4 protein chains.
Amino acid sequence: MIATRDLVAELGYERVTIESIAARAHVGKQTIYRWWSSKSAILADCILDGLVLLPQELPPENDDIRISLTEWLRGALGAMADPDSASLIRGLTSAAADDPDLALVLYERLTEPYESSIAARLEEAAERGELRSGISAADVIEMLFGTILYRLLSRLDMGPHVAENIIEMLFSGLGPT
Amino acid sequence: MIATRDLVAELGYERVTIESIAARAHVGKQTIYRWWSSKSAILADCILDGLVLLPQELPPENDDIRISLTEWLRGALGAMADPDSASLIRGLTSAAADDPDLALVLYERLTEPYESSIAARLEEAAERGELRSGISAADVIEMLFGTILYRLLSRLDMGPHVAENIIEMLFSGLGPT
Amino acid sequence: MIATRDLVAELGYERVTIESIAARAHVGKQTIYRWWSSKSAILADCILDGLVLLPQELPPENDDIRISLTEWLRGALGAMADPDSASLIRGLTSAAADDPDLALVLYERLTEPYESSIAARLEEAAERGELRSGISAADVIEMLFGTILYRLLSRLDMGPHVAENIIEMLFSGLGPT
Amino acid sequence: MIATRDLVAELGYERVTIESIAARAHVGKQTIYRWWSSKSAILADCILDGLVLLPQELPPENDDIRISLTEWLRGALGAMADPDSASLIRGLTSAAADDPDLALVLYERLTEPYESSIAARLEEAAERGELRSGISAADVIEMLFGTILYRLLSRLDMGPHVAENIIEMLFSGLGPT
DNA sequence: TGTTAACCGAGACGGTACGTCAGGTCTTGGA
DNA sequence: TCCAAGACCTGACGTACCGTCTCGGTTAACA
């Protein structure tokens, strides 16, 4: 529901009411309850329908994997610099914290498109010798998403240099050279 | 306020009402409003007063840094395996997503005790040759906390082997050996 | 609203709360506020709907006017001897003291049925030579109602002999014989 | 308490709170509760202390009793024409309707000063042949006060001609000449 | 084309919690 | 020692939304 997404972006999840959604959509409250059982369920469907924008696709395959990831992360962080997007994602976070079902939907929706794609990219890169072997795409995604989420909630800087730092640390590792 | 912390742990942040806090604390509602302006402000004070338990201290200095971090992470993840603690942290997350002021308090309270301690440990470790140089403690903390948070919200596994995987990846990095 | 009338009779106007009315009527508070703007407005509607009982009709026409009035007054005072009725009327008084609109409704509702009836009776009686001419029915009603009200508020005796005393004084006047 | 009288005059009885009285008088709330048990009790004392204006004393003895009463009633009604006084008396009425104790105090304070005085005047007048004998001062006072109260609550006219009508009816009686 | 059924906006309903106000009691710190 | 100042518990206020439940008016399918 477009009205829902817009209202969450405008006001934040907590401040959006079902009545306000109904009013904004020029729809009766009952019509909403006919299809969804809760506010978070509406959001879950917004996500499934792709109404909530997620970070863009990975850059094309022929790139260096490190550059690929850096650009992707830069794009994702950049999207979060937009106040409405940030507000929306914080709303989703709030909703997911309260509702395990929504959390599951959100998790799958967020990771699915990336997991297979990134897994393939990492594998190819490993074959090209750009990476060491034995790396789990899920772990990488988890770490990157977790970091974005943490910065988002902490209202930390989302500037472009941040992406480079993170990828640098991720690639080089902490161990001695 | 102890009543607040307990209720958030029991019911989740959203389901806690100011009235229920007042009733649990055998206190008038007005007394709460006299001292705090919102539910999240109470939570912020709970955090500042140390009523909300955070993961335990780092292990003793003489350990290998990698083992130190692994154990610390294992402990932190283990704490999140307790449903009440997990519920409390999810509540804090939800509150922080809605209230920038609380987010700031929470962020500072969470990172302060670790930042200096971990920074020192990392520095010593680097001197002992266990780490490469130029590593930002803040970045490490951010990545670890972000990962914990992400797993918590996604209801992912918090088992002990997870800590090892993460530290392994973090130390080795993604780059080719 | 029957619940309102009963509660006012039981507890007195000041001690009746909108919440208690809502609870007694098994109704949400908002439903009451949707239809009435204040407690006194509810009472005004009770009066207009005839839910509040007023003293009975005048006795039949063929009576002597003095006996008629005496009996009517005795009946009215007798009704006030019932604690619930007395409490209800005191409640109306309290409400009327606070709310001019209610006072108007109450005044009209109280006097209307009597004014025309008593006026006609007085006129007939004057024609029969039982009364001197030039008497205003409104003034008589005002004096009788005022006296009842005063006795009611002062918790003075409402016994049957009182009616006779009052009518005696009213008919004979204070002047020398 | 002067502060009370002023506040009642300014705001009306209903809108005056004990807290506002305390604040205006630069006095602690407890000090007020030490001496009075309720807002209406304070007002009762205000009346007793003559801070609240009540109808003036009867005119001097050498007047004709009928003129005396007419002037007294005119004065009383005139005082009620002042919105502040009327509001105050309505407040007392409301309080008396709810609180039998206050009603008693108020009744005694209101009638006492008049009863003995009017009783004596009526007796003298009867001796001078201005009145018929056997008249109860209490009944006269009750009727006059009742009428004033009724007009006050009904928001009826308090103009000077009203006094004359009432006294005329009271003296002449309803019976045939 | 006219009748009927499903749908849906609008919004009233019984509720819960909100944040505020005032009541009456209890504690305290300065005169 | 007294008392203003004001925190405290209580309970009612009037409002915002909740999720449920009728209402009419419109639309679409069938007669």
Side-chain angles (χ1 to χ4, degrees), chain A residues 1 3 7 11 13-42 98, chain B residues 1 3 7 11 13-42, chain C residues 1 3 7 11 13-42 98, chain D residues 3 7 11 13-42 95 98-99:
Chain A
M1 190 69 84
L7 283 169
L11 306 173
Y13 178 74
E14 304 284 358
R15 275 164 290 282
V16 170
T17 65
I18 300 234
E19 294 196 334
S20 69
I21 294 172
R24 170 75 68 106
H26 300 294
V27 141
K29 258 199 298 182
Q30 196 55 246
T31 303
I32 291 179
Y33 283 108
R34 222 188 312 278
W35 275 301
W36 298 284
S37 60
S38 68
K39 196 166 55 165
S40 55
I42 308 176
D98 288 328
Chain B
M1 191 69 85
L7 283 170
L11 305 174
Y13 178 75
E14 304 285 357
R15 274 165 291 283
V16 170
T17 65
I18 300 228
E19 294 198 332
S20 69
I21 295 172
R24 172 75 69 104
H26 301 295
V27 141
K29 244 196 312 181
Q30 192 57 240
T31 302
I32 291 179
Y33 283 108
R34 213 189 320 278
W35 296 103
W36 298 283
S37 60
S38 68
K39 199 166 50 166
S40 59
I42 307 176
Chain C
M1 192 68 87
L7 283 169
L11 306 173
Y13 178 74
E14 304 283 0
R15 273 167 292 284
V16 170
T17 65
I18 298 227
E19 293 197 333
S20 68
I21 295 172
R24 171 76 68 104
H26 301 295
V27 142
K29 243 196 312 182
Q30 193 56 241
T31 301
I32 292 179
Y33 283 108
R34 218 188 315 277
W35 295 102
W36 296 284
S37 59
S38 69
K39 200 167 46 164
S40 59
I42 307 175
D98 290 332
Chain D
L7 283 169
L11 305 173
Y13 177 76
E14 303 288 349
R15 274 167 292 283
V16 171
T17 65
I18 300 237
E19 295 192 334
S20 68
I21 294 172
R24 171 73 69 103
H26 301 294
V27 140
K29 258 198 298 183
Q30 194 55 241
T31 305
I32 291 179
Y33 282 108
R34 226 187 308 278
W35 276 301
W36 297 282
S37 59
S38 69
K39 192 168 56 165
S40 50
I42 307 176
D98 289 324
D99 179 352

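What you see is a predicted model; the values in this text were computed from it and never measured. Order of the sequence lines sets the chain letters (A, B, ...), proteins ahead of strands, with each chain counted from 1. Heavy atoms only: backbone and side chains are in, while hydrogens, waters and symmetry mates are out.
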For the [atom1] atom of [X] and the [atom2] atom of [Y], what is their distance to the nearest 0.5 Å?
X: Trp35(D); Y: Gln30(D); atom1: CH2; atom2: CD; result: 11.0 Å
X: Thr31(D); Y: His26(D); atom1: OG1; atom2: NE2; result: 13.5 Å
X: Ile42(B); Y: Ile32(B); atom1: CD1; atom2: CD1; result: 5.5 Å
X: Leu7(A); Y: Thr17(A); atom1: CG; atom2: OG1; result: 8.0 Å

Expected rows: protein N/O vs nucleotides 29-31 of chain E N/O, under 3.5 Å:
none

The correct set of residues in residues 16-35 of chain B placing a heavy atom under 4.0 Å from DNA chain E is Thr17(B), Ile18(B), Glu19(B), Lys29(B), Gln30(B), Tyr33(B)
Counting C-beta onward and ignoring hydrogens, is there a side-chain heavy-atom pair between Ser40(A) and Asp98(A) closer than 4.5 Å?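 Side chain of Ser40(A) against side chain of Asp98(A), heavy atoms only: no contact under 4.5 Å found.
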Are Ile18(C) and Trp36(C) packed together at the side-chain level, in the sense that at least one heavy-atom pair is separated by less than 4.5 angstrom? no
With a 3.5 Å distance limit and no angle check, can you tell me whether Lys29(C) reaches the backbone of Ala22(C) through a side-chain donor-acceptor pair? no
I'd like to know if the side chain of Lys39(C) and the backbone of Tyr13(C) have a donor-acceptor N/O pair within less than 3.5 Å.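 A pair under 3.5 Å: yes.
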Take atom NZ of Lys39(D) and atom P of dA22(E), then tell me their distance rounded to the nearest Å. 10 Å
